[in-house]
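Order of appearance sets the numbers: ligands from 1, and atoms from 1 within every ligand. Worth saying up front: this structure is predicted, and the values here are computed from it rather than measured.
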Amino acid sequence: MIQLYIPLNFLGVIYREIKQSLADMERLFSLLDQHREIADKPNTQALVVQGAEVKFSHVGFSYEAKRQILFDVDFTIAAGTTTAVVGHSGSGKSTLSRLLFRFYDVNEGAILIDGQDVRDVTQASLRNAIGIVPQDTVLFNDTIEYNIAYGKPGASKDDIVAAAKSAYIHDFIESLPDGYATMVGERGLKLSGGEKQRVAIARTLLKHPAILIFDEATSALDSKAEQAIQAQLKEIAKDRTTMVIAHRLSTIVDAAQILVLDHGRIVERGTHAQLLAADGAYAQMWARQQARQDESPASPTDDDAV
Ligand code: ATP
């Protein structure tokens with residue numbers, strides 16, 4: 001019996017390994033597959049970044065022929081400033097970031113970076129200029145150091161530690177028994193959503209992108225965690241053209257521009273103060289979130305409809 005048990009047990013381990021690799025491969029291929037239609041034109045030049053002004057010029061977009069998602073979306077993020085996008089679930093916020101990263105091409109209008117249409121520059125140079133902090137970061141089954149360094153292959157340990165410090169995750173890493181050598185991911189230490197997002201921030205800081213897309217996690221946070229996110233956002237957005245997809249309005253009160261998206265259209269725009277004074281959809285969202293915060297500091301906010 002024992003003779004049979006050992007190989008079977010071994011097979012079980014191999015099966016789990018293969019399954020895990022397949023899961024990773026699947027993720028990779030579904031991404032590749034999804035975006036296969038996007039290709040560099042012949043003789044495309046690299047993007048030349050100066051201040052990294054981002055312009056959406058009358059953009060219309062649909063994933064499928066019969067269902068338009070964005071309508072005449074027109075805005076500019078001045079070089080080095082932060083624009084926040086708010087709106088209820090499904091209004092098209094993440095679609096804006098996918099288009100900027102050129103996972104898809106627009107159907108109408110254009111997206112320009114420092115005056116260059118994203119369709120006219122190499123994808124490699126475009127993606128090099130943009131750092132994304134996603135809502136849910138996928139960690140590789142490797143060390144935490146590797147996971148941060150992934151932002152910039154060949155980064156020195158000093159750079160990695162500096163990035164981790166700026167992302168407020170260095171002390172946490174140092175508290176782990178194996179420090180930066182701790183294995184994370186599905187087969188290693190499981191990190192919380194906030195910790196994973198901080199790894200993603202460190203990764204992005206290491207990459208030093210001229211443009212940053214920050215997709216704020218929707219999960220409920222206590223006010224301490226919320227303050228931490230605010231501080232991190234300030235740190236990473238400093239002197240960078242930043243687009244924040246925001247769910248907690250309190251994290252974006254300092255944004256140079258806030259866009260309110262509703263069913264794929266920009267229905268309001270301005271600073272926090274201007275939008276409160278306008279007493280429209282944004283002011284209502286703000287009032288609702290404030291009321292909820294008074295009731296319970298950790299209440300989720302994603303269902304806030306405009
Ligand atoms: P949330 O706050 O929930 O993340 P969102 O405002 O970011 O929402 P998007 O993810 O931009 O919304 O989605 C906008 C619309 O596009 C939704 O109705 C969604 O169902 C649709 N959509 C998103 N991705 C695809 C896709 N790959 N194919 C078809 N439709 C899609």
In terms of its nearest heavy atom to atom 9 (P) of ligand 1, the top option of Leu261, Thr95, Val86, Asp215 is Thr95
- I would like to know whether Tyr282 and His272 meet ring-ring contact (aromatic ring centres under 6.0 Å, His included); could you show each step before the answer? CA-CA 9 Å; Tyr282 179 86; His272 174 74; 5.6 Å; yes
*asked:* Could you check whether any heavy atom of Gly90 sits closer than 4.0 Å to an atom of ligand 1, since that is the contact criterion I want to use?
replied: yes
Applying the 4.5 Å side-chain criterion to the ILVMFWY set and letting contacts propagate, would Val106 and Tyr104 be lumped into a single cluster? yes
Counting from 1 in the order shown, the ligand 1 atoms closer than 4.0 Å to a non-hydrogen atom of His88 are 6 (O)
So for Glu64 against ligand 1, with non-hydrogen atoms under 4.0 Å, the contacting part is side chain
At under 4.0 Å between heavy atoms, what of Tyr104 touches ligand 1? The answer is side chain
So the side chain to side chain donor-acceptor pair (under 3.5 Å) pairs with at least one residue in residues 44-62 (sequence neighbours excluded) are His58-Asp72, His58-Asp74, Ser62-Asn107
Logged contact type for Ile69 with ligand 1, heavy-atom cut-off 4.0 Å, is side chain
Q.
Treating Gln197 as the side-chain partner and Pro134 as the backbone partner, does any N or O pair qualify as donor plus acceptor under 3.5 Å?
A. yes
Q.
Whether the side chain of Glu108 engages the backbone of Phe71 through a donor-acceptor N/O pair (distance < 3.5 Å, no angle test) should be reported.
A. no
same_hphob_cluster(Leu100, Phe103) at 4.5 Å side-chain heavy-atom cutoff: yes
Using distance alone, decide if ligand 1 has a nitrogen or oxygen within less than 3.5 Å of any nitrogen or oxygen in His247. no
Heavy-atom proximity to atom 19 (C) of ligand 1 ranks first, among Arg67, Lys93, His263, for Arg67
